[in-house]
Amino acid sequence: MSTTINEPFSIMTKIPFELQLWWNDLGKEGQDEVRKYLKDLPDLLYIQPRGDIIRALVAHWDSAHNVFHFSDFELTPTIEEIAGYIGSDQDPLRFKYLIAPRAITIHRFLNSLKVTRTVHHPDFAKGFCSFRFVYDRYGHVGGFNNPDFKLCSRNSRQKWEEHRRVAFMVAFLGLVIFPRKDGNIDLKVAGIVSTLQTMGKSTLAHMIVVDIFRALTACKAGGNFFEGCNLLLQMWMIEHLCPRSQLLSYGSAEKTCIEEFCTRIKGASLPEGVTAWALLFRNFKASQIQWVLGWLSVEEVIYMPAARPHFLLMGLKSIQPYAPYRVLRQLGRYQVIPRDEDLSTQMVEISPNGRFPEE
């Protein structure tokens, strides 16, 4: 069944205040350690979610091509754009290691959080844990002092501080980047954090894009929760609505790209409410679009593999086709008329245990 803007579905609308307190309590040293792996993503903690934009956008999602289709043009989040929000070093995106989700055992999950294997919880067998389970142990100093939490820090405050940084990354990714409707944390996120720590030059950009695609398709089909990073999607859409006459660079600025978001859109007249956004999108024209985001470097882009005109990328919950050749104007290239190819048949769901359905 197709959806309309009047059908109800929800998004992650509120970031837990405890998560923000936890981030602040890490201090500069702890925050710098987290940023080694998550880059600028923690700055999303202070972006206000806007459900009206997402609800209106869903009606324009083309699940056969994984693009937004408006009156006379197409638009879609690209890996380059999402990587730009994340922030990265000078290595080109094409040299990055693409993280893939893996099934994770309960023991491995507990080990990643440095919690003894004697701890049992019924949620673990279902593939998730609660935010409270992680926060109580590492979100505040009381976790270090409580022997009932069975931590492996062995009365070492220094080790506990090191472990709480890892726990923060698990909680942040599980709640903000790969959210669940029930507000719990997917155990596979701990495996992603482990890979970020052990594999140099890795990126989450493709996984974020894939989960956004999957969430849009699910909501367009009648799903009742947006299981993707709605914060990055709303920022991406708003910036494409704000034309800029000159290139902007935030690479050497004191603030990150995400922190500077509000400055970049300052003065923009944005609709309020689903109906107003729907009216804007219904009459959207290509001439109204900021095609290339001013802060985005488009000297090197990935837009087509050698063998076929699209990629298959793996996210946390699915494999999705990615066809940036449909939106070459976003990447600073001449637009070509894309071949009409139904890509929906190549979408593959990954079951909660990390395996494909037929396994």
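Because the structure is predicted, anything quoted here is derived from the model rather than measured.
Under the 6.0 Å distance and 45° angle rule, Arg329 does not count as a cation-pi partner of Phe73.
Linking Ile, Leu, Val, Met, Phe, Trp and Tyr residues whenever their side-chain heavy atoms come within less than 4.5 Å places Leu19 and Ile11 in a single cluster. Val210 and Phe311 fall within a single hydrophobic cluster, where Ile, Leu, Val, Met, Phe, Trp and Tyr side chains are chained together by heavy-atom contacts under 4.5 Å.
Ring centers of Phe261 and Trp295: at least 6.0 Å apart, outside the cut-off. Side-chain rings of Phe284 and His60 stay apart, their centers remaining 6.0 Å or farther from each other. For Tyr325 and His310, the ring centers are positioned 6.0 Å apart or more.
Residue pairs meeting the ring pair (Phe, Tyr, Trp, His ring centres under 6.0 Å) criterion with at least one partner in residues 197-218, sequence neighbours excluded, are Trp61-Phe213. The salt bridge (Lys or Arg N to Asp or Glu O under 4.0 Å) analysis of residues 222-233, with sequence neighbours excluded, yields the pairs Arg214-Glu227.
The two residues Leu231 and Leu44 come nearest to each other via the heavy atoms CD1-O, 3.7 Å. Nearest heavy atoms, Glu349 versus Ser318: OE2-CB, 3.6 Å.
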Let's go through Leu113 and Arg137 carefully: what are the C-alpha distance in whole Å and the side-chain angles of both, what is the deciding distance for side chain to side chain contact (heavy atoms under 4.5 Å, CB included) to 0.1 Å, and is it a yes or a no?
CA-CA 9 Å; Leu113 293 180; Arg137 288 163 171 77; over 6 Å; no
Set out, in order, the CA-CA distance, both residues' side-chain angles and the distance that settles side chain to side chain contact (heavy atoms under 4.5 Å, CB included) for Thr203 and Ile99, then state yes or no.
CA-CA 6 Å; Thr203 181; Ile99 293 177; over 6 Å; no
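Taking the six-membered ring for Trp and thresholds of 30 and 60 degrees, Phe281 and Phe70 have ring planes inclined between 30 and 60 degrees apart.
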